[in-house]
Amino acid sequence: MKNRRFIIALVFMTIIGGIYFYKNKEKRKLKKSLIYNKIIEFKENENLEKIINLSEFQENSKEYYLLKGIEEYYLNNLDEAYEFLLKAQENNKGNDVVFDVYLNFFLNNCENVLKEGGSIERAKYIMKNIGKISELKNNTGFIWKVLVVIISDEESRNISIEILEEYMKEVKNLELITQIKLKGFIGVLKMLNENYVESIHLFYEIILDADKIKDTEQRNRLKMKAYEYIGNMSFLLENYEDAIDQYNMVISIFLKDNEENAITKYGSYINRTAAYIEIKDYESARKSSYETKEVLTFIPKDILGDVELLFYNNLARIEIYQGNIEKAKEYLEKCKVLLKSNRNSGFLNVDMHINFSYAELYLKDGKEKKALELLNELLITNDENESGFEEAIYLLQMEIYKKNNKIEKFFEVYDKYDESNKRENLMLKKNYLKFVKSSFEEKKLKEKEKETALKIKLLVGILFAILFGAVSQILKIIKLKENNLTDQLTEVYNRKYLDEVYKSLEKNKIFNMGILMIDIDFFKKYNDNYGHIKGDIVIKTVAEILKSSIGKKDSVIRYGGEEFLIILRKSDKEYLEDIYKKIYFKLEEEKIIHEKSLVSDHITLSVGGTQGVVNDKNTFLSLIKKADEALYKAKEEGRNRIVVL
C-alpha cells in the first residue's frame, strides 16, 4: 500500500564499456581526430590542464571552444560551459562526426540542467552517428548517458525506446553483451512507463540471453540486474512474496570482487527488508537487515551514506511497528545525523523516507497532532517534487482521523486517496503480472497478451461504472481474498490458506483428515545445474500434477520453496497411498531430466503421510508435524517414496 516509497531509483547497468580499436577505415579516421584522442586522454588522466593547454588548436577555433566547454562542465560551471559549447557550434563548419557527437552530447548535458531537459533531436543525431564510430558503438555507458537527459516523461521515454530499437536494428556487428544491455535499457524505460508486462518479459529474456555470455562475471551481472528489476516491479504491484524471491535470486549470485558484489546487491538487500516489513514478517525483516549490514563494509564511501540511511530507516520501521518506540527513535536519530553529513544524496527523496517514518513514530507514540503537522508538510513537499508519497500520506492521515473519530475529515482524505490510488487498476496490474510470468514460461506471451489486454479494458470500464456500488465492494473482496491465498507461480494455495482452515476449526467443526507433505528430491542441485527459470517450471509442473491427482474437496498448498502440503478430506491409509500412486505415475510420464539427482535420472518426490481426526488448530498442527516426520523418514530411507505414520 505504501510501496512507491521504498523502490530505489537505480540506473540499469551503466558500466562504461571498453574502447576497442579495429583495423578499418573508421580507425584511421579516429586516429586523425585530435578531439577524440584528447577527450579519451582527458577521460583516462582526468587532467584538465593537459587537455586545454594544447598547441594543436588556435585559441578561437571550434576545437578550443569545445575543450574549454568540457573543462568548465567538469568543474561544474555549467553556464560558462554552455557558452563555450555554443561558440564551438557557431564555428563548426567542418564535417567531423566525432566532434559533432561530443559537441551535441555536452550541449545536451548542460541543457538538461539549465533548461530542465535535453533535446530529443540532439539525442537522435548522436545515436544515429555513434553507430558509425567503431570505438563508441558498443559503449553502452555512453549510450545510456545520451538518453538519460531526455527521459523525463512518458512520451520522451517512448521515443527513447524507438531510438534504441532502431539502433539495434540498424547498427551492424554489435557485440552480444551490447545487445543484451540495450534490451535492458528498453526494459527500464518500459518499467518507468508502467508497462510492466513487456518490461518483465524483456528481463526474463535477458536472463536466458545471459547464458550465451562466456564470461561468468559479465553473465552474473546481467542476471542480477534483471532479477532485481523484476523484483522491483513485483514490489510496486504489491506482490511482496514474489519480490522477495527475486531479490533472493540476486543475493544468491556471487561476484568475485567484494566491492562490486556489494554495489550490485545493496538495492536488493534494502528492498527485500522493506518487502518483509510490508507483509509484517518482522523477524525476517530484522534478519535481512543484519545481512545488509554485512555488505556495508564493502560499499564505497561516496554511496555509503545513502545506503546507511535506508538501512537505519528500515530498522526504525521494524521497531515502530513492533511498538519499540525508544529503539525506533535511536535509529531515526542516526538517520538525521547522516542526512546532515550526506548533502549529495544519490537516492531520490531519501529525506521524505525518513520524515515519513517520523510521522509513523509520532502516531505510534500518541503524538497525533505532531504527526498530522508533519504529514501536511510532507504533502506540500510531495506536490512540489512529485515524489509519489501521496498514497502513503493519505493512508496515515485516515488512520489518525479514524482513531480520533473525525469522520468528516476521514472521508475528505479518503476521496483524495481514492482519486490518486485507483485500487482496481492496481489489482488488475497484479493479476496481469501473474499472467505474464506464466505466459513467458509457455512461450505464448504475445497471443495471450492481446486477449488479456482486451479483457482488462472491458473490466476497467465495468469497475469504473460500479465503483461506488455494492457489486464493486464484493468484487474487491473476492479479488483480494484470491490474491492473498494463491501462490503466484503455481496458482495453488499459499500458506495463508491455513488461516482459513483454522477458522473452520474454530467453528467447532470436526474433520477426518489426511495429510501429505511432499518435497522435490535434490531440488537445490537441480536449480544449481539447470537454473532457476527451469526450476520454477519444475515447481509449477509438480503443482499441476498434485492438483490433478486429488479430489474436489482436497487442497494443495505450496508450503515452502519446493515443498507442498496436501490436505485430504479422507483419512484412511489406502486413500493416501492411492493419491501418491497417481502423483508418482503422472510425474513418471513427464520424465523431467535431473542429471544431478542421487536417486534417479529424472525428477522424483519424497512424501510423508499421516491421518487422523482434527477438531481444533492444535490437533491440525500436530498432524502436519507428524506428516513432516514421515517425510523426514522417507528421505532417510532413500527418497523417491512415501512413508505413512
Listed partners of E308 passing salt bridge (Lys or Arg N to Asp or Glu O under 4.0 Å), at least two apart: none
Plane angle bin for Y247 and F235 - parallel if under 30°, tilted between 30 and 60°, otherwise perpendicular: tilted
If we ignore hydrogens and angles and just use 3.5 Å, is the side chain of [X] paired with the main-chain N or O of [Y] as donor and acceptor?
{"X": "N494", "Y": "K496", "answer": "yes"}
{"X": "N139", "Y": "F142", "answer": "yes"}
{"X": "T490", "Y": "K540", "answer": "no"}
{"X": "D257", "Y": "E260", "answer": "yes"}
{"X": "T541", "Y": "I537", "answer": "yes"}
{"X": "N220", "Y": "L255", "answer": "no"}

Test item: Y321 and I318 side chains (from C-beta on) under 4.5 Å apart, heavy atoms: no
Contact check, side chains of E563 and D628, non-hydrogen atoms, under 4.5 Å: yes
Y282/Y276 under side chain to side chain contact (heavy atoms under 4.5 Å, CB included): CA gap, chis, key distance, verdict: CA-CA 7 Å; Y282 302 122; Y276 277 126; over 6 Å; no
Minimum heavy-atom distance [X]-[Y], with the two atoms named:
{"X": "I567", "Y": "V501", "result": "CD1-CG2, 4.1 Å"}
{"X": "I143", "Y": "L164", "result": "CG2-CD2, 4.1 Å"}
{"X": "A243", "Y": "G231", "result": "CB-O, 3.4 Å"}
{"X": "K256", "Y": "E217", "result": "N-OE1, 3.1 Å"}

Side chain to side chain contact (heavy atoms under 4.5 Å, CB included) between K370 and L374, intermediate numbers included: CA-CA 6 Å; K370 200 170 182 179; L374 181 53; over 6 Å; no
Residue of the set R286, K265, R272 for which side-chain hydrogen bond (donor to acceptor under 3.5 Å, both in side chains) holds with E291: R272
Result of checking K183, Q179, K223 against D209 for side-chain hydrogen bond (donor to acceptor under 3.5 Å, both in side chains): K183
Chi angles and distances behind the side chain to side chain contact (heavy atoms under 4.5 Å, CB included) call for V337, E333: CA-CA 6 Å; V337 172; E333 283 302 309; 5.7 Å; no
With Y530 via ring-ring contact (aromatic ring centres under 6.0 Å, His included) - residues at least two apart: Y526
Under the ring-ring contact (aromatic ring centres under 6.0 Å, His included) test, residues paired with Y493 that sit two or more places apart: Y497
Electrostatic pair K596-D528, nearest N-O below 4.0 angstrom: no
